[in-house]
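Okay, structure first, notes after.
All ligand and atom numbering here is 1-based and tracks the order in the structure. Computed from heavy atoms alone, side chains included, the values below leave out hydrogens, waters and symmetry copies. Quick note: residue numbers are just sequence positions, from 1.
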Amino acid sequence: MSFKALPGFRDFYPAEMAIRRHVEGTWHAAARAAGFEEIDGPPLESLDLLKAKSGDAIVDEIYAFVDKGGRDVGLRPELTPTLGRMVASRAAALKKPTKWYSVPQLFRYQRQQRGRLREHIQWNVDVIGSAEVAAEAEVVAVAIDALSRLGLTHEDIYVRAFDRQAAESALDNLGIENKTGALQLIDRGKLDTDAADEVLGAKPAAALREWFHADYTPEGSFAEFLEACNSYGLSEYVTVDKSIVRGLAYYTGTVFEIFDRGHKLRAVAGGGRYDTLVETLGGPPTPALGFGMGDVVIAELLKDLGRLPDHPPRINTFVVPIGDEMLGAAREVVRRLRDAGDRAEAPYVAMKLNKAFKTAEQSGASRVVLVGPDEWAEHKVQVKVLESGHQESVSLDKLS
Ligand code: HAM
């Protein structure tokens with residue numbers, strides 16, 4: 001019998017794990033650079049919480065089951081319900097604005113396709129307790145900072161933003177009652193298809209198309225948001241795009257998604273303002289906003305553009321015992337090097353010199369330390385730098 005990971009789930013062998021750590025490390029650095037503090041919550045939440053945030057239909061899109069205690073539970077498909085719950089239960093004690101980030105593993109029961117799996121790692125960056133557009137611009141700036149640190153520029157990726165309120169007031173003005181249906185048509189790029197006539201009726205669908213394709217001048221807080229983005233140096237990244245309305249019901253203001261310029265992949269990130277969620281989850285009225293950025297699309301994009309970093313070498317120093325009787329001495333050298341902060345290892349059994357040098361090269365080491373009996377008696381070892389071939393005798397207490 002042989003076993004494979006479940007469809008849509010990934011094994012992270014060292015090469016894949018190195019990419020994941022590269023991306024996650026960048027996320028942590030960008031969030032901390034902007035003063036965000038890390039949080040996490042449980043991967044399993046009560047189904048009621050997930051439904052309260054997203055509606056009953058969420059059950060079809062997640063891993064939901066009854067646990068052994070008879071509780072209805074679900075694996076978290078996003079962090080936002082947990083974050084909303086955490087904010088709601090400590091709302092009074094939190095200093096506003098609260099700036100939190102998180103790097104959770106999420107689970108969604110959806111059909112596997114390029115850039116969309118049943119499990120992914122998603123960076124969440126949220127500001128709680130601020131109604132200011134400056135906070136919206138800041139989270140966009142943090143997202144772009146991370147992507148820049150990963151080697152992506154405005155020629156590779158861009159932000160498409162819109163004002164959910166402008167979309168909703170257009171729907172009001174046009175007398176369209178099925179707002180959720182209309183927003184989802186826009187979100188899924190279906191407004192110009194027959195599906196729109198079926199969902200909204202032919203006349204309202206035509207009126208909505210007319211609004212959608214007409215020119216639009218940003219106003220009010222959305223215009224201020226765009227200006228704030230410019231002062232963060234994002235003018236080459238941010239575009240206004242009516243098709244970004246985020247079909248999800250809980251967004252209330254500025255919404256945005258980040259895409260690759262080549263339009264080959266699904267969204268890299270998405271988010272926006274969600275001012276009513278904390279209250280819906282039992283907390284006081286609390287403005288909030290943020291975004292999620294997944295690891296899957298980023299890794300695909302970096303791979304497509306050839307911007308993945310080289311696989312980092314496993315060790316820096318390979319310590320070679322000259323003969324079996326020097327194995328213990330080699331281990332002592334290894335311990336000294338590790339204590340000094342180096343990444344070092346010795347083989348478990350002694351090996352011939354040429355095999356030792358080949359092994360050192362294969363492991364990515366930049367130097368070899370030779371531990372031979374005569375020098376060891378004088379508390380010395382030979383250090384050879386592989387690239388230059390330079391070799392010298394170094395006393396043990398000078399080794400670092
Ligand atoms: P979302 O648009 O569902 O938003 O997901 C955000 C990002 O997570 C996507 O743009 C994508 O990069 C990644 N992602 C989502 N689903 C998958 C999947 N099945 N496989 C791989 N990657 C995926 C949210 O989840 C919001 N809760 C984000 C948010 C935070 N809004 C405010 N704060």
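- If you number the atoms of ligand 1 from 1 as listed, the ones under 4.0 Å from a heavy atom of G270 come out as 10 (O), 28 (C).
- Residue L117 has at least one N or O atom closer than 3.5 Å to an N or O atom of ligand 1.
- Taking 4.0 Å as the cut-off, R246 counts as a neighbour of ligand 1 on heavy-atom distance.
- When heavy-atom distances to ligand 1 are checked against a 4.0 Å cut-off, Y274 comes that close only through its side chain, counted from C-beta outward.
- Other residues, nucleotides and ligands place more than 12 heavy atoms under 6.0 Å from the CG atom of D339.
- In this structure, S148 and T153 have side chains that are not in contact, with every pair of non-hydrogen atoms separated by 4.5 Å or more.
- Listed by atom number, the atoms of ligand 1 under 4.0 Å from T80 heavy atoms are 26 (C), 27 (N), 29 (C), 30 (C), 33 (N).
- Every atom of ligand 1 is numbered from 1 in the order shown, and the set under 4.0 Å from a heavy atom of G292 is 6 (C), 7 (C), 28 (C), 29 (C), 30 (C).
- The shortest N or O to N or O distance between G271 and ligand 1 is not under 3.5 Å.
- Heavy atoms of Y251 found under 4.0 angstrom from ligand 1 belong exclusively to the side chain.
- Looking at E257, Q122, Q113, H120 and measuring to atom 5 (O) of ligand 1, the nearest heavy atom belongs to Q122.
- No hydrogens or angles considered: nothing links the side chains of D48 and S46 as a donor-acceptor pair under 3.5 Å.
- Heavy-atom distances between G115 and ligand 1 reach below 4.0 Å in at least one pair.
- When non-hydrogen atoms are compared, ligand 1 lies under 4.0 Å from the side chain of Q110 (C-beta onward) but not from its backbone.
- Considering only heavy atoms from C-beta on, V368 comes within 4.5 Å of F357 through its side chain.
- The proximity of D126 to ligand 1, defined as any non-hydrogen pair under 4.0 Å, is limited to the side chain.
- Under the rule for a side chain to side chain contact (heavy atoms under 4.5 Å, CB included), the partners of P218 that lie at least two apart in sequence or sit in another chain are Y216, F222, A223, L226, V240.
- Taking a cut-off of under 4.0 Å to the non-hydrogen atoms of E78, the atoms of ligand 1 that pass are 24 (C), 25 (O), 26 (C), 27 (N).
- The distance from ligand 1 to the heavy atoms of V296 drops below 4.0 Å at these ligand atoms: 21 (C).
- Under a 3.5 Å cut-off, the side chain of R114 and the backbone N or O of L265 do not form any donor-acceptor pair.
- Judged as a side chain to side chain contact (heavy atoms under 4.5 Å, CB included), and not counting sequence neighbours, the contacts of Q105 are F107, E119, I121.
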Apply side-chain hydrogen bond (donor to acceptor under 3.5 Å, both in side chains) to Q382 and E375, showing your working.
CA-CA 8 Å; Q382 288 283 325; E375 275 187 297; 3.0 Å; yes
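- Note that CD of E345 and CD1 of I315 are 4.0 Å apart. Values are rounded to the nearest 0.5 Å.
- At least one N or O atom of A267 sits closer than 3.5 Å to an N or O atom of ligand 1.
- Taking any N or O of L79, backbone or side chain, none lies under 3.5 Å from an N or O belonging to ligand 1.
- At a heavy-atom cutoff of 4.0 Å, ligand 1 is contacted by the backbone of A269 but not by its side chain.
- No hydrogens or angles considered: nothing links the side chains of R261 and Y158 as a donor-acceptor pair under 3.5 Å.
- In summary, the atoms of ligand 1 found under 4.0 Å from a heavy atom of Y250, numbered by their order in the structure, are 26 (C), 27 (N), 31 (N).
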Kindly determine whether R76 and D40 satisfy salt bridge (charged side-chain N to carboxylate O under 4.0 Å, His left out), including the steps that lead there.
CA-CA 12 Å; R76 59 184 175 189; D40 200 2; 3.0 Å; yes
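- A side-chain N or O of R367 and one of T317 form a donor-acceptor pair less than 3.5 Å apart.
- Looking at R116 against ligand 1, both its backbone and its side chain come within 4.0 Å, counting heavy atoms.
- Of all the atoms in ligand 1, the ones that sit under 4.0 Å from a non-hydrogen atom of N124 are 30 (C).
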